[in-house]
Amino acid sequence: MCNVVYVDILEFNAPVSKSKIFADMIQHSTDAIIYTTPDFTINFVNRSAEEMFGWTLPEIKGKPITILHDQELTSQQKKEMFSNLYSGKAHEIEGSRKRKDGSTFYCQIKISPLFTEKSRIYGYMGIIRDITEEKQNEDSLVKELDLLTGLIGTARVIVTVLDRQGKIVYCNPHTEKITGYKLKEIKGDDWFSRFIPVREKERIRSVFKKAICGHPTKGNVNPIDTKEGKEIIVEWYDTALKNDEGEVTGLLSIGNDITQRVEAEEKLKTIYENMPGGILMIGQDYIIKDVNYRTCEITGYKREELVGQLCDIVCPKGSSSKQCPIWEDGQEEFRGMDTSIKCKNGIKKPILKNAQEITIKGDTYILELFQDISQRKNAEENAIEAKKAAEQANQTKSEFLANMSHELRTPLNSVIGFSDILSKEVRGKLNDSQKKYVSNITKSGSHLLSLINDILDLSKIEAGQKQLEYSSFDLHEALDEISILIKPLISKKNIDLQMDLPPEDSRVYADRKKFKQIMYNLLSNASKFTPDKGTITIVANQEKDKLKVAVQDTGMGIPEADQATIFEPFQQVKSAKSSEYKGTGLGLSLARELVEMHGGQVGLKSEVGMGSTFTFTIPDKPNTN
């Protein structure tokens with residue numbers, strides 16, 4: 001009878017259920033794993049996949065894999081993918097995938113073809129990692145794997161009897177069902193010629209001769225050919241048959257069809273070795289029992305250098321520290337531990353580790369799954385350094401502008417002052433041309449001084465030099481003062497200024513001077529873009545824990561495309577009409593900075609031709625940031 005020693009993928013001192021090991025590996029993987037049939041129908045997904053995509057296994061099982069696609073693959077993408085898969089290569093891609101709720105995320109995907117021993121593809125295995133953020137897998141695949149185990153465990157027994165020459169004497173009905181042959185068709189045939197593949201005949205004849213000589217075998221595995229030309233894998237238990245004189249007359253072989261189990265184990269083996277993360281299996285004695293290929297790749301050790309060693313060979317704390325939270329603290333698992341792993345070259349690589357206590361054949365182990373997050377850590381450190389450099393550069397820029405603004409204001413005030421003296425003709429009469437020139441100098445100087453003052457204020461804020469001086473003041477009084485300041489601007493265009501305010505004695509707790517500057521900038525902006533005989537309305541309301549103020553105008557409005565940048569420095573509405581309005585483009589930006597210094601927010605609602613409403617809030621408590 002065909003006998004072969006089946007070599008366990010994981011080598012332990014005690015017998016190990018490979019299906020159990022691989023089931024636990026899938027169950028606790030940090031990556032999403034999807035298995036499909038050859039036509040890309042989803043057969044099962046692991047807990048990470050359920051969490052990642054929002055579908056449960058019962059919901060998605062039997063559906064096409066395209067249900068998870070954000071968009072259809074191009075013909076070129078399909079061609080490349082199938083070229084790799086049909087040639088036996090894994091296909092790796094990055095792209096967008098879709099959750100059940102319609103949202104999308106970016107991920108790394110590795111698709112591997114799964115082959116039978118006859119090189120026939122019986123399915124595909126996909127491993128997906130979400131690279132916008134690391135997700136943990138909490139849904140169970142136990143029921144699916146229990147069902148598979150149950151089907152294998154309850155398989156009916158194959159029974160055959162051979163004579164001393166290997167001729168078929170008997171087979172039971174289940175053997176007939178499995179092989180497709182009736183007993184009358186094969187009785188007397190040579191077992192090896194009828195059922196054993198050519199590649200196995202010599203080896204199996206040798207095993208048969210030993211069994212006939214009184215050396216029974218059990219637990220040996222070999223394939224047999226069916227009538228339909230398929231191969232099934234059978235695990236055999238052989239016993240020599242003897243007559244009354246004790247002479248061996250034949251061989252009784254009892255076998256179980258383990259084809260499904262072997263295919264499942266091959267599938268799980270493929271998953272095990274192709275995991276993007278490392279896997280460590282550690283005993284209660286702190287000895288490493290097994291590792292996968294990725295563990296060796298991350299640490300630089302060979303498998304034989306790790307298996308059988310104390311786990312402190314890779315653990316920064318060392319097994320002698322007795323710091324394991326599972327063995328020492330009695331935890332059953334832990335997830336998302338941000339730690340490190342020691343490599344062969346002495347370097348400690350940062351990893352994200354999950355660990356789970358598992359039991360196999362009565363023995364307890366720790367199953368550790370970890371991801372190398374060196375690139376993420378480096379990216380975070382680079383981002384922090386870049387942020388510091390940008391903040392330093394911005395600080396330097398702001399300090400430079402502040403200093404330059406001071407240096408420019410002194411001579412500019414002199415220019416404006418002397419031009420005022422000339423315009424008043426204190427030192428003599430001016431002709432019309434000279435008056436015009438002096439007037440232009442005064443206007444241009446004043447405009448430039450206003451620009452420099454705004455730049456200086458913004459620079460002080462950015463440089464952290466601008467401080468708030470909080471006080472409690474009457475809202476009505478402050479707005480009356482602002483209306484007096486803004487009156488020259490609105491009087492020129494006969495603009496009607498209206499106010500809708502809360503009752504008298506409404507008080508505001510803020511920096512009074514800066515509050516008035518915020519209002520002046522908003523009203524100045526509104527008056528600039530409001531046509532003759534238009535209206536500007538100030539609306540103020542005391543809400544729960546803040547003051548909300550709105551400045552409404554009946555001006556030209558702001559296009560939606562400009563609303564996102566209108567509060568940025570030197571930004572103005574870009575339109576044919578807006579070109580006639582001069583300004584620094586800093587008023588709204590400065591207003592926003594002053595509001596945010598108070599811990600408030602600015603807002604804008606506008607429609608072209610219908611006017612604009614600028615709003616801001618001031619909390620009733622000082623901003624401590």
Side-chain angles (χ1 to χ4, degrees), residues 446-447 449-451 453-455 457-458 461 473-502 506-508 510-542 546-558 562-563 566-573 577-578 580-598 600-618:
S446 297
H447 177 73
L449 181 60
S450 175
L451 174 60
N453 285 334
D454 286 346
I455 291 175
D457 284 339
L458 280 174
I461 292 173
F473 56 89
D474 185 88
L475 175 63
H476 288 259
E477 288 182 2
L479 292 178
D480 286 342
E481 292 172 7
I482 292 299
S483 64
I484 293 172
L485 292 175
I486 204 69
K487 188 172 183 179
L489 296 179
I490 61 178
S491 297
K492 293 178 181 179
K493 302 169 72 174
N494 294 316
I495 295 173
D496 182 22
L497 178 63
Q498 299 180 1
M499 295 190 188
D500 182 1
L501 307 178
S506 295
R507 304 195 67 77
V508 182
D511 186 313
R512 180 172 181 141
K513 181 179 179 181
K514 293 177 177 57
F515 176 80
K516 290 169 64 176
Q517 188 174 0
I518 295 167
M519 289 301 305
Y520 183 85
N521 286 5
L522 293 179
L523 289 169
S524 176
N525 180 77
S527 64
K528 186 187 302 182
F529 294 101
T530 300
D532 291 352
K533 298 182 180 180
T535 301
I536 297 175
T537 305
I538 301 173
V539 180
N541 292 298
Q542 288 282 3
K546 61 188 175 183
L547 170 71
K548 183 175 182 180
V549 181
V551 176
Q552 303 170 352
D553 65 57
T554 57
M556 58 188 239
I558 301 171
D562 292 325
Q563 292 181 24
I566 196 67
F567 287 102
E568 298 300 322
F570 305 106
Q571 297 295 319
Q572 289 183 303
V573 178
K577 291 184 179 181
S578 66
E580 63 186 88
Y581 303 111
K582 296 180 180 180
T584 65
L586 290 173
L588 293 178
S589 177
L590 183 57
R592 182 186 66 177
E593 294 290 346
L594 293 174
V595 168
E596 291 180 351
M597 281 182 68
H598 283 82
Q601 294 181 325
V602 296
L604 167 63
K605 290 184 179 180
S606 184
E607 185 177 345
V608 175
M610 301 299 291
S612 304
T613 300
F614 288 85
T615 61
F616 70 91
T617 58
I618 297 289

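Values reported hereafter were calculated over all heavy atoms of this structure, with side chains retained and with hydrogens, waters and symmetry mates removed. Because the structure is a prediction, the values reported are computed rather than measured.
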Inset, instruction - Look at atom CE of M610 and say whether more than 12 heavy atoms of other residues, nucleotides or ligands are closer to it than 6.0 Å. - result: no
Inset, instruction - Check T554, I495, N494, D496 against K533 for a side-chain contact (heavy atoms from CB on, under 4.5 Å) and give me the one that passes. - result: N494
Inset, instruction - Mind checking the CG-OG1 spacing from L604 to T613? Nearest 0.5 Å is all I need. - result: 8.0 Å
Inset, instruction - For the residue pair F473 and F515, categorise the inter-ring angle as parallel (less than 30°), tilted (30 to 60°) or perpendicular (more than 60°). - result: tilted
Legend entry - Heavy atoms from other residues, nucleotides or ligands near NZ of K548 exceed 12 (cutoff 6.0 Å): no
Legend entry - Side chain proximity check, R507 to D474, heavy atoms < 4.5 angstrom: yes
Inset, instruction - Report yes if the side chains of N541 and P502 come closer than 4.5 Å at any heavy-atom pair, otherwise no. - result: no
Inset, instruction - Give a yes or no on whether Q542 atom CD has more than 12 heavy-atom contacts from other residues, nucleotides or ligands under 6.0 Å away. - result: yes
Inset, instruction - Show your reasoning for whether side chain to side chain contact (heavy atoms under 4.5 Å, CB included) applies to M519 and E481. - result: CA-CA 10 Å; M519 289 301 305; E481 292 172 7; over 6 Å; no
Inset, instruction - Go through the steps to decide whether L588 and V602 satisfy the test side chain to side chain contact (heavy atoms under 4.5 Å, CB included), and finish with yes or no. - result: CA-CA 10 Å; L588 293 178; V602 296; over 6 Å; no
Legend entry - Qualifying residue, where the test is side-chain contact (heavy atoms from CB on, under 4.5 Å) with D553 and the options are T535, T537, T530: T530
Legend entry - Heavy-atom donor-acceptor pair, D500 side chain to V539 backbone, under 3.5 Å: no
Legend entry - S524 versus I486, closest heavy-atom pair with distance: N-CD1, 3.7 Å
Inset, instruction - Side-chain contact test, heavy atoms from C-beta onward, threshold under 4.5 Å: evaluate it for L501 versus S506 and give yes or no. - result: no
Legend entry - Shortest non-hydrogen contact from I518 toward A591: CG1-O, 4.1 Å
Legend entry - Heavy-atom pair of closest approach, residues S606 and G611: OG-O, 3.2 Å
Inset, instruction - List the atom of L479, the atom of M499, and the distance in Å for their closest heavy-atom pair. - result: O-CE, 3.7 Å
Inset, instruction - Over all heavy atoms of both residues, which pair between K493 and P531 is shortest? Give the atoms and the distance, please. - result: CE-C, 4.3 Å
Inset, instruction - Look up atom NZ in K487 and atom CD1 in I484, then write down how far apart they are to the nearest 0.5 Å. - result: 8.5 Å
Legend entry - Side-chain donor or acceptor of H598 paired with backbone N/O of D511 under 3.5 Å: yes
Legend entry - Sole residue of L497, L522, L489 in side-chain contact (heavy atoms from CB on, under 4.5 Å) with S527: L489
Inset, instruction - Compare every heavy atom of I482 with every heavy atom of K516, then report the nearest pair and how far apart it is. - result: O-CD1, 3.2 Å
Legend entry - pair Q601-K546: side-chain heavy atoms closer than 4.5 Å: no
Inset, instruction - State, yes or no, whether a side-chain contact exists between I558 and F614 at a heavy-atom distance under 4.5 Å. - result: yes
